[in-house]
Amino acid sequence: MKQKLSSFSNLKVLSACGLILISITACKQKPAQKTEAVKEVSAVQIPVFSGDSAWSFVNKQVSFGPRVPGSEAHTACADWMSGKFRSFGADVTVQQGTVRIFDGKSVPMKNIIARFQPEKSNRILLMAHWDSRPFADHDPDLSKRDIPIDGANDGGSGAGVLLEIARALQSQPTPLGIDLILFDVEDYGFPDHHEGEGKAEFWCLGSQYWAKNPHIPGYFARFGILLDMVGAPNAVFTQEEVSSYYARSVVDKVWAAASKLGYGRFFVYQKSTQLIDDHLFVNQIIGIPSIDIVQNDASTESTFGAYWHTHADNMSNISRETLTAVGKTVLKVIYEEK
Ligand SMILES: [Zn+2]
């Protein structure tokens, strides 16, 4: 990721709808208050999510070197992740193709798709990107801006959490089928330190490809959750505007789950501006209502944190605690969805 989305034409309409929805929700909540003495009973056993294990999956990805599409590290990491998903009992497909990047060149793309309980027709889609950015266009050291970044958080963290979720899924089936997709070529957008103008369509090339060519014709999921930059220490996740526009109920569901688990300091009830990220194209092209769990750091101009698109995006910026908060929240959501 990414950049702020500059033109999102329906947002004004959306704001109006959002207000209406809030008032309806408030009405619906009244009867529930009368029954608050009734204890919530959950028959679902939610498996353990290990922050240590998730951290090790991020570390392993970074150990291959920057996963820049077309590089040896990229191929080796894709093979390792596919093997890992298979070892956890998933049905794995690697969708391969080539995509054209901002400078007109083509790069190879591998979207890694891991399916659990593929026979079930009701499904939930979990997503992250796994490629790392070929540039450090926001690094303070100008001489290092054309060197690819580790992408420990921007890329590695989301994929690491999904690998750990896959490890957990093998121990206990979910009520719905689960699809995990690691999108490729998300972060090959126009480098800010080069001359010229970036265009939104050059971000998220793997997810755009998949949304136009899903692994199963006519594929649909009840909802989607994208994880991006979910590993920084003390990360704060806000309710991003594209997510709220297309999938308000999913935002509510995820934030409520986090709150119940005591992760309110990570998942704050605060709105933030719309972003170009994989969920935008999944919403717009294939129409699966999808949200983005993505770090928001209001103290930085980018809002993504000072490490973003710099060489500081390395393993020293990855926290087991943050990975755990996100992983446990997502597990709670997918195990409780009926
Ligand atoms: Zn990025």
Side-chain angles (χ1 to χ4, degrees), residues 44 46-47 49 81-82 85 88-95 109-130 158-159 161-170 172-184 186 204-228 230 239-240 242-258 275-294 326-327 329-338:
V44 185
I46 301 173
F49 181 95
M81 291 194 295
S82 305
F85 279 133
F88 297 144
D91 186 303
V92 179
T93 305
V94 180
Q95 182 177 55
M109 173 214 73
K110 293 174 191 243
N111 289 328
I112 300 168
I113 302 157
R115 300 185 298 153
F116 285 83
Q117 305 183 78
E119 72 285 357
K120 290 195 168 173
S121 53
N122 288 326
R123 313 196 62 74
I124 299 172
L125 174 62
L126 305 179
M127 307 165 272
H129 81 91
W130 71 276
V161 169
L162 291 193
L163 283 160
E164 174 59 8
I165 284 176
R167 195 188 68 78
L169 284 172
Q170 69 181 333
Q172 173 80 21
T174 43
L176 273 63
I178 306 292
D179 298 304
L180 310 171
I181 305 189
L182 300 180
F183 290 125
D184 200 1
E186 187 265 8
C204 308
L205 297 178
S207 57
Q208 293 192 56
Y209 184 100
W210 173 81
K212 291 170 191 161
N213 310 279
H215 56 290
I216 293 172
Y219 174 82
F220 196 69
R222 187 178 290 177
F223 62 84
I225 300 174
L226 171 67
L227 310 180
D228 195 5
V230 292
Q239 301 185 335
E240 180 267 343
V242 170
S243 307
S244 297
Y245 176 63
Y246 286 106
R248 179 74 244 173
S249 66
V250 185
V251 170
D252 290 341
K253 200 188 302 262
V254 169
W255 261 251
L275 302 175
I276 297 170
D277 205 346
D278 293 315
H279 70 316
L280 175 68
F281 301 99
V282 173
N283 277 305
Q284 290 189 332
I285 297 173
I286 196 167
I288 296 169
S290 299
I291 72 159
D292 194 4
I293 300 177
V294 57
V326 173
T329 297
V330 173
L331 275 185
K332 182 173 171 65
V333 168
I334 66 175
Y335 274 89
E336 292 183 350
E337 183 74 15
K338 299 254 163 42

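On a predicted model such as this, the values are computed, not experimentally measured, just so you know.
- Between the side chain of Asp179 and the backbone N or O of Arg115 there is no donor-acceptor pair closer than 3.5 Å.
- Put simply, CG on Leu226 and NE2 on His129 are 8.0 Å apart, with the number rounded to the nearest 0.5 Å.
- Remark: side-chain polar atoms of Tyr209 are not paired, donor with acceptor, to backbone N or O of Asn111 under 3.5 angstrom.
- In terms of modelled atom types and a separation under 3.5 Å, the side chain of Thr329 and the main chain of Ala257 share no donor-acceptor contact.
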Apply side-chain contact (heavy atoms from CB on, under 4.5 Å) to Leu275 and Asp228, showing your working. CA-CA 11 Å; Leu275 302 175; Asp228 195 5; over 6 Å; no

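- A donor-acceptor pair is defined here as one N or O able to donate and one able to accept, closer than 3.5 Å; no such pair exists between the side chain of Glu240 and the backbone of Val294.
- Of the possible polar contacts, none joining the Glu164 side chain to the Val161 backbone as a donor-acceptor pair under 3.5 Å is found.
- Judged by distance alone, with hydrogens and angles left aside, the side-chain atoms of Gln117 form a donor-acceptor pair with the main-chain N or O of Thr174 at under 3.5 Å.
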For side-chain contact (heavy atoms from CB on, under 4.5 Å), just list the numbers for Phe281 and Lys212, CA-CA rounded to whole Å, side-chain angles, deciding distance to a tenth of an Å, and then say yes or no. CA-CA 9 Å; Phe281 301 99; Lys212 291 170 191 161; over 6 Å; no

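- Without hydrogens or angle criteria, Glu337 side chain to Arg222 main chain gives no donor-acceptor distance under 3.5 Å.
- Ring geometry for Trp210 against Phe183 counts as tilted: the plane angle lies between 30° and 60°, on a 0 to 90° scale.
- The CE atom of Met81 lies 10.0 Å from the CG atom of Leu162; values are rounded to the nearest 0.5 Å.
- Judged purely by atom type and a 3.5 angstrom limit, Lys110 has no side-chain atom pairing as donor or acceptor with the backbone of Leu182.
- Considering CD of Gln170 and CZ of Phe116, their distance stands at 7.0 Å, rounded to 0.5 Å.
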